[in-house]
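Everything numeric in this text was worked out from a predicted model, so none of it was measured. Just so we're on the same page: letters track the sequence lines, and every chain starts at 1.
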There are 2 protein chains.
Amino acid sequence: MVSARRQQILEAALEVFAERGFKGTSIDAVAERAGLTRQGVLHYFPSKKRLLLDLLAFREELAREHLAGRRLGEDWAGDFAEAVAFEVHHPSLATVQTVVLAEAVTGQEPACGYVRERSRSLQEHLTAHLIERYGDRLPSGLDPRTAAAAVLALIEGVHQLWLVDQDAERYPRIVHEALSVLLGTDSAPEPHLPQPQLPLTNG
Amino acid sequence: MVSARRQQILEAALEVFAERGFKGTSIDAVAERAGLTRQGVLHYFPSKKRLLLDLLAFREELAREHLAGRRLGEDWAGDFAEAVAFEVHHPSLATVQTVVLAEAVTGQEPACGYVRERSRSLQEHLTAHLIERYGDRLPSGLDPRTAAAAVLALIEGVHQLWLVDQDAERYPRIVHEALSVLLGTDSAPEPHLPQPQLPLTNG
DNA sequence: GTCTATACGGTGATAGAC
DNA sequence: GTCTATCACCGTATAGAC
């Protein structure tokens, strides 16, 4: 499905889009980084717009692959923390997402449709999963729809905080702890246990 | 401090930057919307970069003015919900923030320094205030530094969610409820009042 | 001081010709 | 593929009107 050439171009595009945004990127720049000509890129991706959309799909696929071994939904806080940890080690993925989002809020194609649909879809699915798991009220007291929005907002915001933070490595843990509280799955918030079961590398 | 002319230019710049980003905006476009020439704009703001930085300061000042009547820190969740409610009714403010942030994560000036410093400063101040108020452990069980990062991430993420959401009006309430849980100041997850005390004009 | 009008040098992206 | 024409923009003048 994804030829080596295609993937090579997608990886080059990922870097260039992350560095210079969509508007700021020329197909020539992607071609140069991938080691071929503009015509070569256009052979695989008929337009810059299509290249970006395929790149976003590629990005989601990478993230999904990384979570493939987990049993999603048993430990939401852990799932999202793991996803964030993955992105922390692949800054281009988060950067391109942020860049596309910014172009979406200005109403520009092609990002606009993608971001709106993705946001709506994620909220809807997460809400449904939370209802299935907890009913109409989470252990934290939040209703599932509110919690889903808050969780996604936290994840999106974390993307941007760690991108400009010296110490990006602490964000997976932040996500894990904050989501545990938000959902109410916090097993031990009490001062009696100094050693939580999380892989805290230190404080 | 801010002449009428300056403010007029800033408001025009706010709209144009929000619509087209920093790179995509020409001084001519700002000048045209403000009703003068490029030279007129450059008379007040010696460069495009400076125009953006002053615009960001202007944006913060607007937000601060809007919260001037509150006794900040007594009710953090309410404070932030109010701030979000304000921005929901001024989409250009949130949009320009998002756009600038995206340009910052690609390492581009002038946004980069501003965003990094603002993020660091906000986290530091909020952490200090939380420690002063709650000590080294919030009622939710989170430590103040983690909570501060989570709160700011939630706020940043909410900016972007509501910008692409049909129903932006629900986000102030989401922020209020989610922050109450995150901080542990959740007094009563009451199902009885769908009408918070915020000045939501409604939709 | 607050602008307008005009113009110049420099840049970076784009498009066409060779 | 390189070279060149073109374009849009930034920033910096200058001169002058109110």
Side-chain angles (χ1 to χ4, degrees), chain A residues 5 8-10 12-53 55 92 95-96 99-100 102-103 106-111, chain B residues 1-59 61 92 95-96 99-115:
Chain A
R5 247 314 189 240
Q8 175 186 2
I9 295 171
L10 285 172
L14 179 63
E15 296 174 17
V16 181
F17 279 128
E19 284 172 16
R20 326 215 314 221
F22 181 71
K23 265 197 323 254
T25 293
S26 67
I27 297 186
D28 276 318
V30 175
E32 183 183 1
R33 183 148 334 189
L36 34 73
T37 68
R38 182 170 64 246
Q39 296 308 322
V41 172
L42 289 173
H43 175 257
Y44 289 93
F45 304 92
S47 69
K48 193 166 88 161
K49 168 176 172 174
R50 192 50 196 267
L51 174 58
L52 176 65
L53 292 176
L55 173 59
S92 293
T95 301
V96 84
V99 165
V100 165
E103 277 162 359
T106 64
Q108 295 171 37
E109 287 292 350
Chain B
M1 173 174 282
V2 178
S3 76
R5 222 6 165 208
R6 263 183 79 91
Q7 179 151 350
Q8 176 187 2
I9 295 171
L10 285 172
E11 285 168 0
L14 179 63
E15 296 174 17
V16 181
F17 280 128
E19 285 172 14
R20 323 211 316 219
F22 180 71
K23 264 196 327 255
T25 293
S26 70
I27 300 184
D28 278 318
V30 175
E32 185 183 359
R33 185 152 331 192
L36 33 69
T37 67
R38 178 171 69 246
Q39 282 65 35
V41 172
L42 289 173
H43 175 74
Y44 290 94
F45 305 92
S47 70
K48 193 168 90 160
K49 168 177 172 176
R50 191 53 194 269
L51 174 58
L52 177 64
L53 292 176
D54 286 0
L55 173 59
L56 294 172
F58 177 60
R59 179 189 162 279
E61 192 185 337
S92 293
T95 302
V96 83
V99 164
V100 165
L101 188 108
E103 277 163 0
V105 301
T106 64
Q108 296 171 36
E109 287 291 351
C112 194
Y114 169 82
V115 169

Touch class at under 4.0 angstrom, heavy-atom based, for B:Thr25 against every strand present: sugar-phosphate
Quick check on DNA chain C: between B:Gly40 and A:Lys48, whose nearest nucleotide comes earlier from the 5' end? B:Gly40
Whole Å only: how far is the CG atom of A:Asp28 from the C1' atom of C:dG16? 14 Å
Any donor-acceptor pair under 3.5 Å joining the side chain of B:Gln39 to the base of D:dT14? no
Do side-chain atoms of B:Lys23 reach the backbone of B:Glu103 as a donor and acceptor pair under 3.5 angstrom? no
Whole-Å gap separating C1' (C:dG12) and CZ (A:Arg20): 10 Å
B:Glu32 atom CD, over 12 foreign heavy atoms within 6.0 Å: no
Enter the distance from B:Phe22:CZ to B:Lys49:NZ here, rounded to the nearest 0.5 Å. 8.5 Å
Nearest-nucleotide pick for B:Leu36, side chain only, options being C:dA13, C:dT4, D:dG1: C:dT4
What does B:Arg5 touch in the nucleic acid at a heavy-atom separation under 4.0 angstrom: a base, only the sugar-phosphate, or nothing? sugar-phosphate
Of B:Ile9 and B:Arg38, the one whose closest DNA chain C nucleotide lies more 5': B:Ile9
Select base, sugar-phosphate, or nothing to describe what B:Ile27 touches, counting heavy atoms under 4.0 Å on all strands. sugar-phosphate
